[in-house]
Amino acid sequence: MLTILFLGDVVGEPGRSAVIARLPELKRAEGIDFAIVNGENAAGGRGITPKITIDLLRAGVSVITTGDHIWDQKEILQFIETEPRLLRPINYPAGAPGAGSIVLETGKGKIGVINVQARTFMQPILENPFPILDATVREMQAETPVIIVDAHGETTSEKIAIGRFLDGRVSAVLGSHTHVQTADEQIFENGTAFICDAGMCGPVRSILGRAIEPIMGRFISNLPAVFPIADGEVRLGGVLVEIDETTGRARRIMRINEPVWASAKPPS
């Protein structure tokens with residue numbers, strides 16, 4: 001049996017520090033063979049930098065997925081061509097820097113990872129994810145039955161549709177982007193593990209990882225505001241998926257919501 005950890009959107013310094021601090025212990029405690037982290041909000045809440053990418057990989061992350069904020073830190077445009085373990089959504093038009101999928105060799109065989117971005121309420125609007133998923137999965141199945149998809153999208157309906165479309169063809173379809181962990185983890189009829197959103201790695205007393213007051217003020221006044229990253233207690237949101245390494249079928253999916261004090265001490 002192969003144990004995969006998927007952590008939802010890492011938000012700012014508190015989120016990435018918590019992942020780096022907690023991941024080695026979590027891997028030992030849960031017997032994790034392969035860790036995937038969505039890092040698209042890791043740099044101050046917008047994008048990811050080369051240094052953060054390297055720090056996460058050194059901490060034990062196997063693959064970093066992203067989404068609509070992938071290009072927010074401009075130095076990533078060149079760096080992503082040099083680091084295949086940092087993915088951008090696969091449904092960018094041809095010629096975009098980097099890649100949207102990867103197959104890595106592990107001690108328990110090859111594992112494929114695909115990063116795709118949904119379209120409903122998302123900017124930029126990318127190519128239709130379904131045809132490119134179909135083609136990529138067909139190609140990847142020639143190398144491995146173990147395939148994990150990060151479905152980065154706003155609506156539950158579109159992410160469920162992606163999961164149903166790939167049921168029986170991939171090991172797991174795991175949603176990201178909303179920063180809110182959903183309670184619909186399940187294994188579909190044909191063996192694909194699914195959750196609409198794995199949640200986030202970031203501050204608890206926040207609005208999606210950002211300080212509460214400026215966001216409330218923006219909703220109340222409609223005036224421009226700066227949204228700093230919140231501080232205080234940090235939690236790691238994600239899922240553990242157990243997969244039959246021979247067939248690629250998921251056997252178990254379990255939500256995790258781990259407390260980590262990364263950016264402040266616990267209150268007395």
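Numbering of residues begins at 1 and proceeds along the displayed sequence.
- Counting heavy-atom neighbours within 6.0 Å of Leu104 CG, excluding the residue itself, gives a total above 12.
- Between Glu242 and Arg251, no side-chain nitrogen of the basic residue sits less than 4.0 Å from a carboxylate oxygen of the acidic one, so the salt-bridge criterion is not met.
- Two residues are said to be in side-chain contact when any heavy atoms from C-beta on lie closer than 4.5 Å; Thr192 and Ile187 fail this criterion.
- Under the 4.5 Å side-chain criterion, counting only non-hydrogen atoms from C-beta, Ile253 is in contact with Leu174.
- The two residues Gly153 and Thr178 make their nearest non-hydrogen contact at O-CG2, 3.9 Å.
- The minimum heavy-atom distance linking Ile70 with Leu87 is given by the pair CD1-O, 4.5 Å.
- Contact record, Lys27 with Gly60: NZ-O, 2.9 Å, taken as the closest heavy-atom pair.
- Looking at Asn38, its side chain does come within 3.5 Å of a backbone N or O of Thr66 through a donor-acceptor pair.
- Within the structure, the salt bridge (Lys or Arg N to Asp or Glu O under 4.0 Å) test picks out the following pairs touching residues 85-102 (sequence neighbours left out): Glu83-Arg85.
- Two residues are said to be in side-chain contact when any heavy atoms from C-beta on lie closer than 4.5 Å; Ile160 and Cys196 meet this criterion.
- One N or O on the side chain of Asn91 and one on the backbone of Gln117 form a donor-acceptor pair closer than 3.5 Å.
- Counting heavy atoms from C-beta on, the side chains of Phe34 and Val113 come closer than 4.5 Å.
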Salt bridge (charged side-chain N to carboxylate O under 4.0 Å, His left out) between Asp33 and Lys108, intermediate numbers included
CA-CA 8 Å; Asp33 299 296; Lys108 292 187 177 181; 3.3 Å; yes
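- Of all non-hydrogen atoms in Val10 and Val19, the two that sit nearest each other are CG2-CG2, 3.9 Å.
- Between the side chain of Arg16 and the main chain of Ala42, a donor-acceptor pair closer than 3.5 Å is present.
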Verdict with supporting geometry, Arg22 and Glu25, salt bridge (charged side-chain N to carboxylate O under 4.0 Å, His left out)
CA-CA 6 Å; Arg22 186 77 173 90; Glu25 179 188 349; 3.3 Å; yes
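- Formation of a donor-acceptor pair under 3.5 Å by the Arg210 side chain with backbone atoms of Gly45 is found in this model.
- Residue Gln78 places its CD atom among 12 or fewer non-hydrogen atoms of other residues, nucleotides or ligands, all under 6.0 Å distant.
- Side-chain atoms of Asn115 and Thr65 include no donor-acceptor pair closer than 3.5 Å.
- Between Phe194 and Phe188, the ring planes are parallel. Angles under 30° get that label, and only those over 60° would be called perpendicular.
- Counting heavy atoms from C-beta on, the side chains of Leu5 and Ile36 never come closer than 4.5 Å.
- Between the Thr82 side chain and the Phe79 main chain, a donor and an acceptor come within less than 3.5 Å of each other.
- In this structure, the side chain of Glu233 does not engage the main chain of Pro203 through any donor-acceptor pair within 3.5 Å.
- Under a 3.5 Å cut-off, the side chain of Gln73 and the backbone N or O of Arg46 do form a donor-acceptor pair.
- In Lys51, the NZ atom is not crowded: 12 or fewer heavy atoms of neighbouring residues, nucleotides or ligands sit closer than 6.0 Å.
- Taking 4.5 Å as the limit, every side-chain heavy atom of Ile111 sits out of range of all side-chain heavy atoms of Thr144.
- In this structure, Gly8 and Cys201 approach most closely via the heavy-atom pair O-SG, 3.6 Å.
- When atom types are taken as modelled, the side chain of Ser171 and the backbone of Gly248 share a donor-acceptor pair closer than 3.5 angstrom.
- A donor-acceptor contact shorter than 3.5 Å links the side chain of Asp9 to the backbone of His177.
- Here salt bridge (Lys or Arg N to Asp or Glu O under 4.0 Å) pairs that include residues 157-175, with residues two or more places apart or in two chains, are Asp134-Arg169, Lys159-Asp197, Arg164-Glu189.
- Shown here are the salt bridge (charged side-chain N to carboxylate O under 4.0 Å, His left out) partners of Glu143, two or more places apart in sequence or in another chain: Lys110.
- Between Gln141 and Ile147, the closest heavy-atom pair is CG-CD1, 4.0 Å.
- You'll find the side chain of Arg119 reaches within 4.5 Å of the side chain of Ile125, heavy atoms only.
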Would Val116 and His152 count as a side-chain contact (heavy atoms from CB on, under 4.5 Å) if you check the C-alpha gap in whole Å, the side-chain angles of each, and the deciding distance to 0.1 Å?
CA-CA 6 Å; Val116 70; His152 194 77; over 6 Å; no
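- In the displayed structure, Gln186 atom CD is contacted under 6.0 Å by more than 12 heavy atoms of other residues, nucleotides or ligands.
- Between the Glu40 side chain and the His69 main chain, a donor and an acceptor come within less than 3.5 Å of each other.
- Side-chain contact between Ile215 and Ile212 is absent, with no heavy-atom pair separated by less than 4.5 Å.
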